[in-house]
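Beneath this line is the structure, given in structure tokens, with notes to follow.
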Amino acid sequence: MRLLVTFFVFFSFAFAKAQTYEAGVFVGTSNVIGDVGSTQYIQFTDIAVGGIFKWNRSSRHSFRASVISANMVGDDNDSDDISRDLRGLKYNYSMIEASIGLEYTFWEWELYSGRPQIVPYLYTGLTAFHYDLFALNNTNELEAYGETTDIAIPIIFGVKTNITPKLILAAEVGARYTFTDNLDGSNPVRSKDFDNLRFGNINNNDWYVFSGVTLTYAFGRKPCYCNF
């Protein structure tokens, strides 16, 4: 976890001399797409908060880094699937993720134009996330048995607008494709002793989603994009 935070701080200071950049906050909700809990892809399950930093490298793209902390909750009683509702499994744990990548706007984003703008964007890159590991115990309930760090590929769609010359408000929905099938305790893999504890669809990896808003403050010199 400490390594993830250090990663974000290093990225921020590394580009502190950039011509124009943004720093701000993310506030939203979190949910897992897996084998436990609701079958809805986007849910307003629990809270996710974090910080975000952008280096606006041209009028069409920015390098972006973020750290987000979230509570991940899954409860079979929230599902429309009768078999899940009867099974009655649930989990609740904290996750922290650090992400770095490229944000691309679908048309020109001119921070210093002096006029209001509304621009859709797409973000992707590489994400590392730290979370608790779960498995079924002797009473057929999900129980934490450790923690680990994995990686994911974020796919985030959003729309942003400049509400003042230096304040940017954005709304976004971001799915993260992970390389694990155990965000919900359905496929514990630490040892072969857990093989008989697997359930659900073990051929598909889990996803998790953060949906919310960002508010960033732009500062730095007026950009000159002629060198990149």
Side-chain angles (χ1 to χ4, degrees), residues 1 4 26-50 66-99 123-158 171-191 193-214:
M1 186 179 301
L4 297 180
F26 170 89
V27 179
T29 63
S30 59
N31 67 277
V32 173
I33 303 173
D35 297 295
V36 176
S38 174
T39 55
Q40 300 296 319
Y41 291 152
I42 299 175
Q43 309 161 49
F44 303 104
T45 305
D46 223 311
I47 299 298
V49 296
S66 63
V67 172
I68 297 175
S69 177
N71 203 45
M72 314 303 286
V73 176
D75 190 334
D76 280 342
N77 292 324
D78 296 330
S79 175
D80 296 329
D81 187 327
I82 296 177
S83 62
R84 291 195 184 192
D85 191 47
L86 292 173
R87 185 179 61 187
L89 293 176
K90 57 184 176 181
Y91 59 82
N92 188 333
Y93 61 89
S94 296
M95 173 190 288
I96 184 168
E97 73 153 37
S99 184
Y123 168 80
T124 190
L126 185 65
T127 292
F129 61 98
H130 189 85
Y131 65 105
D132 293 329
L133 295 168
F134 280 76
L136 291 172
N137 60 18
N138 294 333
T139 60
N140 207 39
E141 296 178 334
L142 289 173
E143 182 178 303
Y145 66 89
E147 54 187 45
T148 191
T149 300
D150 277 311
I151 60 173
I153 304 298
I155 305 170
I156 298 174
F157 292 96
E172 62 182 39
V173 176
R176 280 77 166 168
Y177 172 75
T178 75
F179 294 89
T180 178
D181 186 34
N182 199 41
L183 292 184
D184 51 15
S186 64
N187 191 11
V189 294
R190 175 163 287 189
S191 71
D193 296 336
F194 287 149
D195 286 350
N196 62 335
L197 301 179
R198 298 178 181 178
F199 62 90
N201 187 349
I202 62 174
N203 296 314
N204 288 333
N205 290 339
D206 293 331
W207 297 66
Y208 67 94
V209 179
F210 292 157
S211 308
V213 297
T214 67

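Every heavy atom of this structure was used, including side-chain atoms; hydrogens, water molecules and symmetry mates were not.
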From CG (Asp80) to OG (Ser38), nearest 0.5 Å: 6.5 Å

Non-hydrogen atoms of Asn71 and Tyr93 that approach each other most closely: OD1-O, 3.1 Å

Straight-line distance of Asn92 CG to Met72 CE, nearest 0.5 Å: 10.5 Å

Flag side-chain contact, heavy atom, 4.5 Å: Thr178 against Phe129: yes

Min side-chain heavy-atom separation Phe179-Ile151 under 4.5 Å: yes

Heavy-atom pair with the smallest gap, counting every atom of Arg176 and Ala152: CB-CB, 4.1 Å

Between Tyr177 and Asn205, a side-chain donor and acceptor under 3.5 Å: yes

Aromatic ring pairing Phe26/Phe210, orientation class (parallel under 30°, perpendicular over 60°, tilted between): tilted

Asn31 vs Gln40 side-chain heavy atoms within contact, under 4.5 Å: no

CG-CG distance between Leu89 and Asn140, expressed to the nearest 0.5 angstrom: 6.0 Å

Validation row: Asp85, Ser79 side chains within 4.5 angstrom (heavy atoms): no

Inter-residue atom distance Ile96.CD1 - His130.NE2, 0.5 Å rounding: 9.0 Å

Spacing of CD belonging to Glu172 relative to CZ belonging to Phe157, to within rounding of 0.5 Å: 11.5 Å

Contact summary for Gly125 and Ile153, nearest pair of heavy atoms: O-CD1, 3.9 Å

CD1/Ile82: more than 12 non-hydrogen atoms of other groups inside 6.0 Å: no

Residue of the set Asp35, Asp206, Asn201 for which side-chain hydrogen bond (donor to acceptor under 3.5 Å, both in side chains) holds with Ser186: Asp35

Exam field: side chain Thr124 to backbone Pro154, donor-acceptor pair closer than 3.5 Å: yes

Atom of Phe134, atom of Asn182 and distance for their closest heavy-atom approach: O-ND2, 3.4 Å

Close side-chain approach of Asp181 to Asn204, heavy-atom, < 4.5 Å: no

Side chain to side chain, Arg87 and Phe199, heavy atoms closer than 4.5 Å: yes

Rounded distance [0.5 Å steps], OG1 in Thr180 versus OH in Tyr131: 3.5 Å

Considering all heavy atoms, the nearest Leu197-Ala135 contact: CD1-CB, 4.3 Å

Nearest non-hydrogen partners of Arg198 and Pro188, listed with the distance: NE-O, 4.1 Å

4.5 Å side-chain heavy-atom contact, Asn77 and Lys90: no

Side chains of Asp78 and Gln43 in contact at under 4.5 Å (non-hydrogen atoms): no

